[in-house]
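One structure is given here, and the rest of the page talks about it.
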2 protein chains.
Amino acid sequence: MSEREPKPKRPPRAVDVAAAAEVSIATVSRVFNSPEKVAPPIRERVLAAAKAMGWMPHAAGSALARRRSSIVGAVIPTLDNEVFAAQVGAMQTAFAERGITLLLSCFNYNQDQARSDVQAMLARGVEALAIVGESHKPDLFADIQARHIPYVVTYSHRPGSPHPCIGFDNRQAFRKIARHLLDDGHEVIGVIIQPTTGNDRVADRLDGIRDALAERGLGIRPQHLYEGEWSIDFGRQSVRAMLETAPRPTALICGNDYLAIGALLEARAMGLAVPRDLAITGFDDIAISRQMDPPLTTMHIDNHEIGRRAAAYLLSCLQGESPTPAPPLVPTLVLRGTTGALAPARGA
Amino acid sequence: MSEREPKPKRPPRAVDVAAAAEVSIATVSRVFNSPEKVAPPIRERVLAAAKAMGWMPHAAGSALARRRSSIVGAVIPTLDNEVFAAQVGAMQTAFAERGITLLLSCFNYNQDQARSDVQAMLARGVEALAIVGESHKPDLFADIQARHIPYVVTYSHRPGSPHPCIGFDNRQAFRKIARHLLDDGHEVIGVIIQPTTGNDRVADRLDGIRDALAERGLGIRPQHLYEGEWSIDFGRQSVRAMLETAPRPTALICGNDYLAIGALLEARAMGLAVPRDLAITGFDDIAISRQMDPPLTTMHIDNHEIGRRAAAYLLSCLQGESPTPAPPLVPTLVLRGTTGALAPARGA
DNA sequence: TTGTATGCGTTATCAA
DNA sequence: TTGATAACGCATACAA
């Protein structure tokens, strides 16, 4: 068979470009990695040859020789929650600006899945890892640390955490929400929240609520605590069931905006006036929340900022620096229409 | 210096595992790639050694030798739209089941960005590519085809497209919406839609509306066409401005649900009864749409299904098959509360 | 069934 | 400033 087919099926390699430009393969490599080290005329020749044959450095070979993959991984629960989608989007953008590509994995709130996702990413040679939350199997973090690659936990920032975190203090945030409601005069407060098992962020939120209530000698009555999937529907069901209990709560703290929106919609459908008959709070401030009627009182989290900060932190680590992870973000309470001072007790 | 440090900083390689298990490196490789070809006792020994030192095949080396990266790329406009987030999430899951990892890139509706995203992915050696829409720079597809890797265009399915598509016919879908409104008795129909320039999907949608109107000898009046970013706010502004024109539209077709939700909220805020004073339609059927008051009439697209199908198609190609891309999906018109037959003309 | 040896495409070291 | 060449970590044809 002929040595040189006119149409080589296989993609061109650096040697081909080198031959075409009549230079050595080393020069080709230099043109793409440290162009200042090669004389301009030669540089142009190589560039032209490369463009003509559509060549670009092959990542696998490059990664092998350079011992750097230029890939980082993001491990999140799901893209179906706007909150994580925003984080990932921001990270991707920030990394892309630095020539780093993002590997994505969704573990669907399954700890085993998260573990194997991380392993798969490590095998792919990710240079850094961002992972949502810190309630994972201990092996997961051990695996990461064994590889000596930088990582960050996002969307959470527990005081005293052994991990670098880019997030906020979930417990404190919910303490603040609960205190606000208490200051508004509420004493019977219901809670609709995501499953706490295996989810540190959510467990912290519930603890924060309990903290604030305890400060006033109050607690969450069992019949006022609903725990389940974060969905509008679960918010609806829960509020309907809860309002049949006695005493009826006058305020409702929801674990996120989806739950709160469900609660709000159902409460209104039941003919209740919000916030007069029932005050409602959410968490995250997703896009639709301010559009509700009345607009949802919630806590605003800047998830794009979390993504950007996580990327900046990891990027800094990759440059050999040892950045101290920034202090926690402080979510801001956005008081809108679903809360307000409780009217003085009627009757009595 | 000593040959065997107790704490080797650098991660273990196949040779290390081979030494520990007292086999050759080839056997180690076989255990992980074609386990049936190695005797069970030896297999166990190798597995144990690998687990003990936390070894797993290094992707770059593997990719180089195997000439396969086991990476595919997804190129989408943005994760901030639930529609694309769902597609990516579903693809990621489907690929993960087959040991393939997903590289993600968001081009933010910028054609140049899309082009360079694709190039970056090709350089990374992606084995396949999924990309949203087909109105990209021609070079983009040329680059992909030059690499001879399989690809699909998602979220769009133009008849006669030169590309394999997993999506639906945008033009036909909007024709159907418009016809429905016409059948309901509307004759003055407004449109709020995303920017059409550089976006085939949106341009098709507008054409579909025009088709249906033309069939009845009607058209879109210039003062009834608002084109801008897909946001709730743009929906609000547009409807407010449009309702000051004469004749006032009795129905509004929106390019997606975000725009429609904005229109609905603003119309109600202005004291209009929906659908009596103004009928409104959306597109995509995002999660919140059915929760609106009244619930939004829209077209349902199963974006998880699009993601799954795209993954299945690419997976099939990677196995050497030549699947015919499935026929277009057919979006279903979901009639909810924001449309209804127009009351017979008052007065006259 | 297992081992040996070569190739994969690039980068980096060193010498010219 | 440029070129020759040895890694980089793994998979696979081929030999045993």
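All chains are named by letter (A, B, ...) in the order of the sequence lines, taking the proteins before the strands, and each is independently numbered beginning at 1.
Rounded to whole Å, atom P of C:dG9 lies 23 Å from atom CZ of A:R68. One atom, CZ of B:R66, and another, C1' of C:dT6, lie 17 Å apart when rounded to the nearest Å. Remark: P of C:dG3 and CZ of B:R30 are 8 Å apart, rounded to the nearest angstrom. Between B:N33 atom CG and D:dC10 atom P the separation is 11 Å, expressed in whole Å.
A:I25 comes within 4.0 angstrom of a base, heavy atoms only. Nucleic acid contact for B:V15: none, since no nucleic acid atom lies under 4.0 Å from a heavy atom of the residue.
Non-hydrogen atoms lying under 4.0 Å from DNA chain D are contributed by B:W55, B:M56, B:P57, B:H58, B:G61, all within residues 48-61 of chain B.
At a cut-off of 3.5 Å, with distance as the only test, no side-chain donor of A:D200 or A:H136 sits close to an acceptor on the other residue.
Residue A:S24 places no side-chain N or O under 4.0 Å from the OP1 or OP2 atom of D:dA4. Using a 4.0 Å cut-off, no side-chain N or O of A:S62 falls inside it from OP1 or OP2 of C:dT10. Put simply, B:S29 has no side-chain N or O that comes within less than 4.0 Å of OP1 or OP2 on D:dT12.
Residues B:L64 and B:A26 both approach DNA chain C. Their nearest nucleotides, taken by heavy-atom distance, put B:A26 toward the 5′ side. Annotation: of the two residues near DNA chain C, B:A39 and B:R67, the 5′-most nearest-nucleotide partner is B:A39.
Using cut-offs of 30° and 60° on the angle between ring planes, the pair B:F141 and B:Y151 is tilted.
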